[in-house]
Amino acid sequence: AAGGGLGNTGQTTVQRTLVIGNSGTANGAGGNLVGGGILNFAFTGPTQLTLVDSVVTANKLTASPAITPLGGGIFTDSVFTITGTVVAGNQPDQCFGC
C-alpha cells in the first residue's frame with residue numbers, strides 16, 4: 001500500500017493544501033507500506049515534489065508485525081522541496097527520506 005492521500009511519480013507542486021487524516025493498512029507475511037499522507041516515488045523517471053504553505057497531519061500507517069510502515073506523513077525517495085509547510089502528528093513517523 002502506498003500514498004494514502006497523494007501519490008506523486010512525476011513533477012508536482014502542492015500549494016496551500018491540507019493533507020489530513022489519510023491512512024494505509026497492510027496485513028500479511030511481508031510487503032511494503034509507505035506514505036500515509038504523501039508518496040513521492042521515482043517509478044519510471046525523474047520525480048520531483050514541492051510542498052508550499054501546506055499542512056500534512058493526522059495521517060497514519062498500520063501494519064502487521066512482518067511489515068515495517070515508513071513515512072506516516074511523507075515517504076520520499078526522490079527530489080523533495082518543502083517551504084512554509086507543517087508536517088506533524090503523523091504515525092508512525094513524520095517523513096521517511098526527507
Engineer: Any chain of hydrophobic side-chain contacts (each under 4.5 Å) joining V56 to L49?
Structural biologist: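 Linked, V56 and L49 end up in one cluster.
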Engineer: Main chain of G10, side chain of N8: is a donor-acceptor contact present, judged purely on distance under 3.5 Å?
Structural biologist: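 Looks like yes, one N/O pair under 3.5 Å.
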Engineer: Considering only heavy atoms from C-beta outward, does the side chain of T76 approach that of C98 to under 4.5 Å?
Structural biologist: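 Contact flag for T76/C98 side chains = yes.
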Engineer: Is there a path of hydrophobic side-chain contacts, each under 4.5 Å between heavy atoms of I, L, V, M, F, W or Y residues, that connects V19 with I74?
Structural biologist: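 Result: yes, single cluster for both.
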Engineer: Measuring only between side-chain heavy atoms, which start at C-beta, is I82 closer than 4.5 Å to V87?
Structural biologist: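 Yes, at least one pair of side-chain atoms sits under 4.5 Å.
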Engineer: By side-chain contact (heavy atoms from CB on, under 4.5 Å), which residues pair with A1, not counting sequence neighbours?
Structural biologist: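 A1 satisfies side-chain contact (heavy atoms from CB on, under 4.5 Å) with L33 once adjacent residues are dropped.
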Engineer: Could you give all pairs that pass the ring pair (Phe, Tyr, Trp, His ring centres under 6.0 Å) test and reach residues 3-34, with sequence neighbours left out?
Structural biologist: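 Of all non-adjacent pairs touching residues 3-34, none passes ring pair (Phe, Tyr, Trp, His ring centres under 6.0 Å).
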Engineer: Could you tell me the separation between the CD atom of Q15 and the OG1 atom of T83, rounded to the nearest 0.5 Å?
Structural biologist: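 That separation rounds to 10.0 Å.
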Engineer: Determine whether F41 and L70 fall in the same hydrophobic cluster, where Ile, Leu, Val, Met, Phe, Trp and Tyr are linked whenever their side-chain heavy atoms lie under 4.5 Å apart.
Structural biologist: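 Same cluster.
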Engineer: Kindly say whether N22 contributes a backbone atom to a donor-acceptor pair with the side chain of N59 at under 3.5 angstrom?
Structural biologist: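 Yes.
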Engineer: Would you compute the distance between atom CG of L51 and atom CG of L6 and round it to the nearest 0.5 angstrom?
Structural biologist: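 If we round to the nearest 0.5 Å, L51:CG and L6:CG are 8.0 Å apart.
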Engineer: What heavy-atom pair brings P69 and L61 nearest, and what distance separates the two atoms?
Structural biologist: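 Taking every non-hydrogen atom into account, CB-CB, 3.7 Å.
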Engineer: Enter the distance from N90:CG to K60:NZ here, rounded to the nearest 0.5 Å.
Structural biologist: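 Between N90 CG and K60 NZ, I get 11.5 Å after rounding to 0.5 Å.
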Engineer: In terms of hydrophobic clustering (I, L, V, M, F, W, Y; side-chain heavy atoms under 4.5 Å; direct or indirect links), are I38 and V55 co-clustered?
Structural biologist: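 No.
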Engineer: Sort and list the pairs that fulfil ring pair (Phe, Tyr, Trp, His ring centres under 6.0 Å) and have at least one residue in residues 67-90, not counting sequence neighbours.
Structural biologist: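 Every pair satisfying ring pair (Phe, Tyr, Trp, His ring centres under 6.0 Å) with a residue in residues 67-90: F75-F96.
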Engineer: So how far is it from T57 OG1 to L18 CG, rounded to the nearest 0.5 Å?
Structural biologist: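 If we round to the nearest 0.5 Å, T57:OG1 and L18:CG are 10.0 Å apart.
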Engineer: At what distance, to the nearest 0.5 angstrom, does CD of Q11 lie from OG1 of T50?
Structural biologist: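 One gets 8.5 Å once the value is rounded to the nearest 0.5 Å.
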Engineer: If you compare all heavy atoms of A29 against all heavy atoms of A66, which two are closest, and at what distance to 0.1 Å?
Structural biologist: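 For A29 versus A66, the nearest heavy atoms are O-CB, 3.5 Å.
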Engineer: Under 3.5 Å, is there a donor-acceptor pair between the side chain of N40 and the main chain of V79?
Structural biologist: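 Flag set: sc N40 to bb V79 pair under 3.5 Å.
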Engineer: Tell me whether Q94 contacts the main-chain N or O of G89 through its side chain, where contact means a donor paired with an acceptor under 3.5 Å.
Structural biologist: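 Flag set: sc Q94 to bb G89 pair under 3.5 Å.
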Engineer: Can you tell me if CG on N32 sees more than 12 non-hydrogen neighbours from other groups inside 6.0 Å?
Structural biologist: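 Not more than 12 within 6.0 Å, no.
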Engineer: Any sub-3.5 Å donor-acceptor pair from T47's side-chain atoms to S78's backbone N or O?
Structural biologist: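 No.
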